[in-house]
Protein chains: 2
Amino acid sequence: MAADAVAPDTAAHEAWSLMGRLFMDMRPRMLRVASEFGLSPPQLIALKTLDPAEPVPMSGLAQALQCDNSNVTGLVDGLAAQGLVERREAEHDRRVRMLVVTERGAAVRARLVEVMAQLPSELAALSAADQRALRDVLRRALG
Amino acid sequence: MAADAVAPDTAAHEAWSLMGRLFMDMRPRMLRVASEFGLSPPQLIALKTLDPAEPVPMSGLAQALQCDNSNVTGLVDGLAAQGLVERREAEHDRRVRMLVVTERGAAVRARLVEVMAQLPSELAALSAADQRALRDVLRRALG
DNA sequence: TGGCAATGGTTGACACACTCAACTAGTCGT
DNA sequence: ACGACTAGTTGAGTGTGTCAACCATTGCCA
């Protein structure tokens with residue numbers, strides 16, 4: 001619709017806006033997956049962010065999601081109501097609640113991560129050499 | 001936090017998850033820009049999506065934003081209240097309202113696009129050759 | 001030891017974003 | 001001219017997200 005989304009002035013700018021298009025295509029898939037698992041998109045992201053192998057405090061999740069503590073309270077309430085996550089008391093500090101992904105939560109999360117990790121078709125269609133080139137450049141960029 | 005965000009099994013998967021990191025870094029900047037212009041993030045995206053040179057109907061914007069018509073009603077209300085956008089009657093169909101970006105709207109939008117187009121530092125730091133390589137691969141991917 | 005600032009988390013109030021269903025006004029085919 | 005359809009608005013309802021106020025707990029330090 002607006003032309004300048006694809007009218008950059010350097011190679012890097014053009015690359016950046018092309019990546020933007022890839023992410024746009026991503027959105028519908030996330031919505032589909034979320035509703036498929038009965039989760040809202042933020043809940044989905046929260047569950048995806050959590051690590052089944054290593055409980056984190058609420059505040060840790062809030063930091064990872066870059067949002068307020070009080071926000072994750074509600075998010076975790078929702079996940080806990082579905083038995084995907086549990087609040088467990090921390091040993092050395094009775095104020096903090098560690099978020100533990102339940103067995104069911106881990107199963108849901110695994111399927112979810114799998115679906116979300118699927119490549120956009122445009123990337124999947126690249127030649128193996130191009131895929132490696134892409135990875136190598138991005139590795140150099142992100143160290 | 002969760003390890004599998006960076007544990008892909010092919011070059012393309014790794015590239016895709018690295019791109020994801022770039023977009024994560026993008027979020028705070030968008031929030032900053034939005035509040036700087038007194039816009040909510042959805043309003044910002046809406047204004048950025050509109051083309052000052054070519055009015056579109058509400059439904060066109062809704063389609064571009066992949067959301068309901070009734071949603072853009074509210075979004076446009078907000079932009080119109082700040083004099084950034086106007087609803088104008090279409091000539092040949094009195095049902096449709098064309099969205100016209102005002103002069104002020106175009107000015108705000110221009111600054112906004114400029115700020116949003118700034119490259120993530122990781123990309124800007126790439127060598128010119130890498131930047132071109134990145135663009136070329138993405139061009140091949142996205143046609 | 002006792003007091004006090006600081007911290008983790010929850011709650012409540014509020015502003016929006018967003019969807020859906022119902023509605024109005026206008027268009028178009030037959 | 002009637003009925004099916006479309007563009008947009010309205011209203012209800014759900015959920016996200018922030019902020020301020022509030023406990024319970026911790027840890028410093030006098």
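Note: hydrogens, waters and symmetry copies are ignored here, and every other heavy atom, side chains too, is used.
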Q: Measuring only between side-chain heavy atoms, which start at C-beta, is Val56(B) closer than 4.5 Å to Asp51(B)?
A: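 With C-beta onward as the side chain, the pair stays apart.
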Q: Would you mind telling me which residue lines up with the more 5' stretch of DNA chain D, Ser59(B) or His92(A), judged by nearest nucleotide?
A: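 Nearest nucleotide further toward 5': that of Ser59(B).
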Q: Need to verify one output field. Residue with the more 5' nearest nucleotide on DNA chain C, Leu31(A) or Val72(A)?
A: Val72(A)
Q: Would one find a side-chain N or O of Arg94(A) under 4.0 angstrom from OP1 or OP2 of dT25(D)?
A: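 It does, given that an N or O in the side chain of Arg94(A) lies less than 4.0 Å from OP1 or OP2 of dT25(D).
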Q: Can you identify which nucleotide, out of dT18(D), dG9(C), dT9(D), has its nearest atom closest to the Asn69(B) side chain?
A: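 Within the option list, the nearest is dT9(D).
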Q: Taking the side chain as every heavy atom from C-beta outward, state whether Pro57(A) and Leu99(A) have any pair of such atoms under 4.5 Å apart.
A: no
Q: Could you tell me how far apart Leu79(B) (CG) and dA17(C) (P) are, to the nearest whole angstrom?
A: 10 Å
Q: For the side chain of Met58(B), counting heavy atoms from C-beta on, which of dA17(C), dG8(D), dG9(C) is nearest?
A: dG8(D)
Q: Measure from the side-chain N and O atoms of Gln43(B) to the backbone N and O of Ser40(B), and report whether any donor-acceptor pair falls under 3.5 Å.
A: yes
Q: Would you mind telling me which residue lines up with the more 5' stretch of DNA chain D, Thr73(B) or Gln43(A), judged by nearest nucleotide?
A: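 Closest to the 5' end, via its nearest nucleotide, is Thr73(B).
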Q: Tell me: CG of Asp68(A) to C1' of dA15(C), nearest whole Å?
A: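 Answer to the nearest Å: 15 Å.
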Q: Check the phosphate of dG17(D) against Ser70(A), side-chain N and O only, distance under 4.0 Å to OP1 or OP2. Yes or no?
A: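 For Ser70(A), the contact criterion (side-chain N or O under 4.0 Å from OP1 or OP2 of dG17(D)) is not met.
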Q: Would you mind reading off the distance between Gln63(A) atom CD and dG9(C) atom P, rounded to a whole angstrom?
A: 11 Å
Q: Evaluate the side-chain proximity of Pro120(A) to Met26(A): yes if any heavy-atom separation is below 4.5 Å, no if none is.
A: no
Q: Between the base of dT6(D) and the side chain of Arg95(B), is there any donor-acceptor pair under 3.5 Å?
A: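 Pair found.
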Q: When you measure from the side-chain N and O atoms of Ser40(B) to the phosphate of dA17(C), is any distance below 4.0 Å, counting only OP1 and OP2?
A: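 Yes, Ser40(B) has a side-chain N/O under 4.0 Å of OP1/OP2 on dA17(C).
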Q: Once you round it to whole Å, what is the distance between C1' of dT14(D) and CG of Asp77(A)?
A: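 That distance rounds to 15 Å.
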Q: Of the listed nucleotides (dA7(D), dT9(D), dG17(D)), which one gets closest to any side-chain atom of Arg87(B)?
A: dT9(D)
Q: Give the rounded distance in Å between these two atoms: CD of Glu89(A) and P of dT10(C).
A: 12 Å
Q: Below 4.5 Å, heavy atoms only, C-beta onward: do Arg21(B) and Met24(B) meet side chain to side chain?
A: no
Q: Rounded to whole Å, how long is the line connecting atom CG of Leu65(B) with atom P of dT19(C)?
A: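 Rounded to the whole Å, the gap is 10 Å.
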Q: Using a 4.0 Å heavy-atom cut-off across all strands, classify Pro41(B) as base, sugar-phosphate, or nothing.
A: nothing
Q: Which part of the nucleic acid does Asn71(B) contact within heavy-atom distance under 4.0 Å: base, sugar-phosphate only, or nothing?
A: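 The answer is base, as Asn71(B) lies within the cut-off (heavy atoms under 4.0 Å) of a base atom.
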Q: Quick one: on DNA chain C, does Asp93(B) or Met98(A) contact a more 5' nucleotide (nearest heavy atom)?
A: Met98(A)
Q: Which whole-number value in Å describes the distance from Arg27(B) CZ to dT16(D) P?
A: 14 Å
Q: Distance check needed: dG8(D) P versus Arg88(B) CZ, whole Å only.
A: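 The distance from CZ of Arg88(B) to P of dG8(D) comes to 15 Å, rounded to the nearest Å.
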Q: Identify whether Leu112(A) and Leu65(A) are in the same connected component of the hydrophobic contact network (ILVMFWY, side-chain heavy atoms under 4.5 Å).
A: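 Result: yes, single cluster for both.
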